[in-house]
Amino acid sequence: MVFRNELSEYKVNNLYLELATLISKHTKLDLTSIVNLMRIPPSLDFGDVSFPCFTLSKTLKKAPNLIAEELAEVIKAEFLEKVLAVNGYLNFYFDKKHFVKCALVDISKKDFGKNNHGANKKVIVEMSSPNIAKSFGIGHLRSTIIGESLARIYEFNGYKSIKINYLGDWGTQFGKLLLAFELYGDEKKLLADPINHLQDVYVKLNQNLTEELEVRAKQNFKLMEEGDKKTLATWKKFKEKSIEEFMEIYDLLGVSFDEISGESTQNKKSLEIINKLKDKKIAKQSEGALIIDFEDDLGVGILQKSDGTTIYLSRDISAAIERKEKYDFEEMIYEVGSEQELHFKQVFKALKLMGYKWADNLKHITHGLYLGKDGKKLSTRGGSSVKMRDIWAEVESKVLAELKKRDSAIDSRLKLITRSAVLYGDLKNFRNTSVIFDAKSITSMEGDTGPYLLYSYARSKSILRKLKFKTQKIGEVVPEMEEYSLIVKLGQFPYIVLTAKLRDDPSQVANYVMSLSQEFNSFYTKCKVQGSDKEDFRASLVYLYAETLKKALNLIGIDTIEEM
Ligand code: ARG
């Protein structure tokens, strides 16, 4: 994927990106690679930005420390106090005065943090995509949370995000479910507790499965694919009941979609595509089924079973084509667990073989699992899958206990605080690492948690209320160390927004939010605000902190609370 190379095209007036452009000029590396390589050192002692020269070493065929030393000599700018070469890294130190001047102007802007990297390009984020007739399980939680955050991060980078929920609502298992309901179903129970009832009858059928019943189940699915009205009416009822339940979960999580679609929408279209693949000789018959032999490490993908019914792979191929026709997207992200890696490689490769160049702009963004405290996969606790409802209830009860400790009134905030615990508890982890679910540790008001961040925001708002703060007044200031560190942290936000997009990594934002609030903490502990001769300036910093924190939290799906 090629990104444009000029800083002006990022339309963000930010020293980190200005520095990236400068490095780009001296190294001939493109800006995106540079932003991707740049790191913010853990302490200002090591500079504001460090840049490893190891990648350059390969192309320049020179030792990294030599490259670093040479570059340190020639990279100069008004905004740089010094550049040091240390063990193959370049450490850049911004000129403090210059930084403060630029940063404070930047931070004060309404759209601080945004850039137009995406320049109104459309990105589709396919996310959540649970399977109907089952409870929303923890297995689909990460896709939902990470997908929502990515969509927001892309928007902040100038993209137009379109969120699609692609339900698992088609396939032979629904032929089975229909049969199960036919045999053991009860309309009353379906109305009272639809999903549990459907799960019960499904389990019962599996326990009593015979060859004859399997044949009947397959016939049912065939009827669905052929558009049999009566069969489809029952299936549709199951689907509607499932969506109702899913919506309750999405409401708790604060997640929404631009389109709720599903595999069933590809029923006819996938047959068309299958025929095309046959005509183009990309697909071939094998043992009665229709397959694509990718002839490499992708192996063989099955497109159509011997009875003529379609499967997951064929539906994903046609769904991608349909979305391209419908939205003319620039990029498409599939936020789906890493166990489906081979599947998506096959989907993308099939599209490439069909001649669709845009297949290069499809990405499978993977994530790890939820584990229990014992380190084992959480998705099956005591044999049955872990429901999101139960997870939420567990977290909520812990939040409630924390609130009671503080004599806080319990109201609509309970939902928002619980949400912050669940979302931050997930997003603080890099998406590919597994997350240990521990309701207690994600709800503590003191630790590395969502509720702590909400508390920090509410505290800054309460400070501003006490100060009767109206508008910021900054003036000519020479900041002290704690003030400077806070300004530096605030000034990093636009850079974080861009790297989170380039790396498809919401944890960049989540970890930034936490370090920002820690920086605010040390500032507020050391610097007296009310009554100090720098009151205006310091109050303005409190204000800029609150504004930036709110924006950053929003990028990870968390709504703030004014009082806590
Ligand atoms: N419903 C599938 C599952 O639960 C996930 C769908 C992922 N998206 C896709 N386009 N295949 O495993």
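Counting starts at 1 for both ligands and their atoms, following the listed order. Residue numbers run from 1 in the order of the sequence given. All values derive from a computational prediction rather than experimental measurement. For the numbers below, each heavy atom of this structure counts, side chains included, while hydrogens, waters and symmetry mates do not.
- Scanning the protein heavy atoms around atom 8 (N) of ligand 1, the nearest turns out to be Glu126 OE1, 2.8 Å.
- When each of Ser149, Ser129, Ser128 is paired with Thr144, the side-chain hydrogen bond (donor to acceptor under 3.5 Å, both in side chains) condition holds for Ser128 and for no other.
- Proximity annotation for atom 6 (C) of ligand 1: of Tyr334, Trp170, Tyr312, Tyr312 comes nearest, heavy atoms only.
- In this structure, a donor-acceptor pair under 3.5 Å is present between the side chains of Lys387 and Asn196.
- The shortest N/O to N/O separation between Ser129 and ligand 1 falls below 3.5 Å.
- Among all protein heavy atoms, the one lying closest to atom 1 (N) of ligand 1 is Asn131 OD1, 2.7 Å.
- What sits closest to atom 4 (O) of ligand 1 on the protein, heavy atoms only, is His140 NE2, 2.7 Å.
- Both tests do not hold together for Lys363 against Tyr334: distance to the six-membered ring centre under 6.0 Å, angle to the ring axis within 45°.
- In terms of protein heavy atoms, atom 12 (O) of ligand 1 is closest to Gln340 NE2, 2.9 Å.
- The existence of a salt bridge linking Glu187 and Lys237 is confirmed by a sub-4.0 Å separation between a basic side-chain nitrogen and an acidic carboxylate oxygen.
- Using a 3.5 Å distance cut-off with no hydrogens or angles, the side chains of Ser314 and Gln304 do not pair a donor with an acceptor.
- In this model, a donor atom of one side chain and an acceptor atom of the other lie less than 3.5 Å apart for Tyr154 and Asp504.
- Each of the atoms 9 (C), 10 (N), 11 (N) of ligand 1 lies under 4.0 Å from some heavy atom of Asp316.
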